[in-house]
Amino acid sequence: MTTRFPAVRLLGAAAAVAAAAGILYGCASAPSASEEAALTARTIAIMKASFRPKGQAGLDRLDQDETQRLCSQYAGGKLPESIVKKIEQENLAAVKYPADGKLVGDWKEGEKIAELGRGKQFSDDPAKPNGANCYACHQLSPKEEAYGTIGPSLYRFGRKHGYTEETRRYAWAKVYDAEAFSACTNMPRFGQHDILTEQQIRDVVALLVDPASPVNQ
Amino acid sequence: MPSIHSLRLIVGVAAIAAATLAGSAFAQTTLENASAKYRQDLADGNPADLWVARGQEMWKEPRGPRKVSFESCDLGLGPGVVKGAYAQLPRWFADAGRVMDLETRLVWCMVNQQGYTHADATKQTFGNGSRHRSDLEALTAYVAKQSDGVKMNVSLADPHVREMYDVGKKAFFYRAGTHDFACATCHAADDLRIRLQYLPNLTEPAGAQKAYTTWPAYRVAQGETRTFQWRLHDCFRQQRFPDLIYGSDLSIALTTYLAASANGAVYAGPGIKL
């Protein structure tokens with residue numbers, strides 16, 4: 001179930017830039033590990049001095065967890081297999097399933113959450129519920145034409161994966177923490193980072209796996 | 001991402017229906033055709049020209065407590081020289097001891113030559129309707145216009161500029177925040193969209209060139225002419241990062257990375273964007 005190709009694409013693009021920069025500006029050799037570390041430290045120092053807190057977005061938004069740190073570190077090259085394993089294992093271990101075992105909610109509510117772009121921006125009202133904006137990146141219900149293409153189409157997700165307990169658990173975990181299945185994916189970790197509540201994740205899971213959901217027609 | 005609504009209006013129902021039937025590759029083309037047509041329609045009268053004209057007047061008039069005009073402001077090619085100035089920025093300024101983009105340099109001249117306080121100079125960095133127009137947006141549009149037709153040539157020979165380029169590139173791939181986003185999440189692959197908004201691949205010369213050489217730009221949805229500082233500020237908002245400080249070193253580093261990536265392309269702004 002692992003889809004790693006967007007990450008690969010991203011790394012490929014980064015490598016191409018590095019190569020192009022080398023040709024244009026005549027870097028004879030790749031920077032050493034200590035030069036890289038110094039550049040990273042300098043970049044972080046500059047970043048920290050370049051923002052002010054606004055609304056709900058404090059300066060702590062710039063602090064990286066281990067997954068973010070590793071994904072940034074390897075963004076210019078190839079992600080080693082050992083790092084892939086480490087990131088996926090740590091994130092899988094962080095997935096919390098609901099205490100009552102109920103994984104599937106109401107797909108109609110899920111559809112609204114998938115449509116809503118609000119949430120976590122400094123311009124958003126933190127008192128209002130967050131959306132997930134799944135449509136920013138995915139095709140889901142065919143009725144919504146304004147979908148993005150950063151992620152794969154999820155049309156007929158439930159049909160394709162089968163209406164089983166295993167699919168429901170996978171859908172839950174994927175929405176909760178996408179890094180558990182594809183290290184350095186471009187998909188946010190909606191549960192892990194408190195973007196969605198437990199009930200909202202249930203509703204989004206329903207949109208994916210309920211046989212009555214428009215996604216599965 | 002609110003501009004989706006205006007986008008929809010412009011593209012029209014027929015185009016969307018066709019795009020849906022034929023899948024995403026076609027949707028992309030349709031969307032681009034529609035916006036290309038829109039730009040063509042407005043080509044004779046880019047509303048950004050109003051900002052350019054306002055900026056031109058401001059450039060010549062004595063301003064600030066010291067009543068000094070921008071004609072003593074050196075953008076890198078000598079005091080008052082605007083022709084081609086935007087196409088060679090950012091650069092190192094020894095008098096300020098900093099690498100600066102155009103907008104930061106304008107603020108520096110306002111403070112150090114015209115006598116404004118920094119707070120006054122940066123009170124209205126981005127306009128907010130006709131009662132709160134931004135002088136900086138107008139001045140930037142005017143100066144940028146004087147590079148229309150000039151090849152981008154940002155030099156990385158100076159080590160300070162080179163460092164800013166390297167920092168900007170590093171920052172481009174820096175993932176953090178609630179959504180794990182970096183600039184690269186949205187701008188490091190070809191032919192992607194968020195909803196129906198086309199995302200340029202800024203890590204490739206072609207993508208960076210096309211994007212950089214058309215800013216500042218009149219934003220149809222906002223009725224304002226926006227600058228590159230605004231563009232970065234608003235992408236960081238979508239990235240769920242805090243408030244990017246106008247003229248901060250990070251803003252200059254990212255501008256240096258993208259402007260130098262656009263080297264060789266002919267500057268063609270101010271543009272028009274949905």
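In the text below, chain A, chain B and the rest are named by the order of the sequence lines, each starting its count at 1.
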### Query
How far does OG of A:Ser72 sit from OH of B:Tyr174, to the nearest 0.5 angstrom?
7.0 Å
### Evaluation steps, side chain to side chain contact (heavy atoms under 4.5 Å, CB included), between A:Leu39 and B:Val167
CA-CA 7 Å; A:Leu39 178 61; B:Val167 166; 3.9 Å; yes
### Message
Is A:Ile195 in contact with chain B via its backbone, its side chain, both, or neither, using a 4.5 Å heavy-atom distance?
### Response
side chain
### Query
Is chain A contacted by the side chain of B:Phe181, its backbone, both, or neither, given a heavy-atom distance below 4.5 Å?
side chain
### Summary
Comparing A:Ala178, A:Ser123, A:Cys137 against chain B, the one with the most heavy-atom pairs below 4.5 Å turns out to be A:Ser123
### Distance flag, aromatic centroids of A:Phe51 and B:Phe236, threshold under 6.0 Å
yes
### Message
Please determine whether a side-chain nitrogen of the Lys or Arg among B:Lys170 and A:Glu35 lies less than 4.0 Å from a carboxylate oxygen of the Asp or Glu.
### Response
no
### Summary
Whatever's closer than 4.5 Å to a heavy atom in chain A on B:Ala171 counts as both
### Task
Check the pair A:Ile150 / B:Leu199 against side chain to side chain contact (heavy atoms under 4.5 Å, CB included), numbers first and verdict last.
CA-CA 10 Å; A:Ile150 293 178; B:Leu199 296 168; 3.8 Å; yes
### Task
Identify which of A:Thr67, A:Asp60, A:Thr40 forms the greatest number of heavy-atom pairs closer than 4.5 Å to chain B.
A:Thr40
### Query
If you count heavy-atom pairs under 4.5 Å with chain A, which of B:Ala253, B:Ala182, B:Pro242 comes out on top?
B:Pro242
### Task
Return yes if some donor-acceptor pair links the side-chain N/O of B:Thr185 with the main-chain N/O of A:Asn186 below 3.5 Å, else return no.
no
### Task
Kindly indicate, with the supporting measurements, whether the criterion side chain to side chain contact (heavy atoms under 4.5 Å, CB included) is fulfilled by A:Phe122 and B:Arg240.
CA-CA 7 Å; A:Phe122 59 64; B:Arg240 274 73 178 177; over 6 Å; no
### Task
Sort out for me which of A:Met187, A:Arg189, A:Arg52 touches chain B most, counting heavy-atom pairs under 4.5 Å.
A:Arg52
#### Entry: Among B:Leu244, B:Asp166, B:Ile245, B:Asp249, residue most engaged with chain A (heavy-atom pairs, under 4.5 Å)
B:Ile245
### Message
So for A:Glu179, is it side chain, backbone, both, or neither that comes closer than 4.5 Å to the heavy atoms of chain B?
### Response
side chain
### Message
Could you go through A:Arg42 and B:Glu163, starting from their C-alpha distance and side-chain angles, then the distance that decides it, and tell me whether this counts as side chain to side chain contact (heavy atoms under 4.5 Å, CB included)?
### Response
CA-CA 10 Å; A:Arg42 177 95 179 102; B:Glu163 188 196 27; 2.7 Å; yes
### Task
State plainly whether the residues B:Arg195 and A:Glu145 are in salt-bridge range, i.e. N to O under 4.0 Å.
no
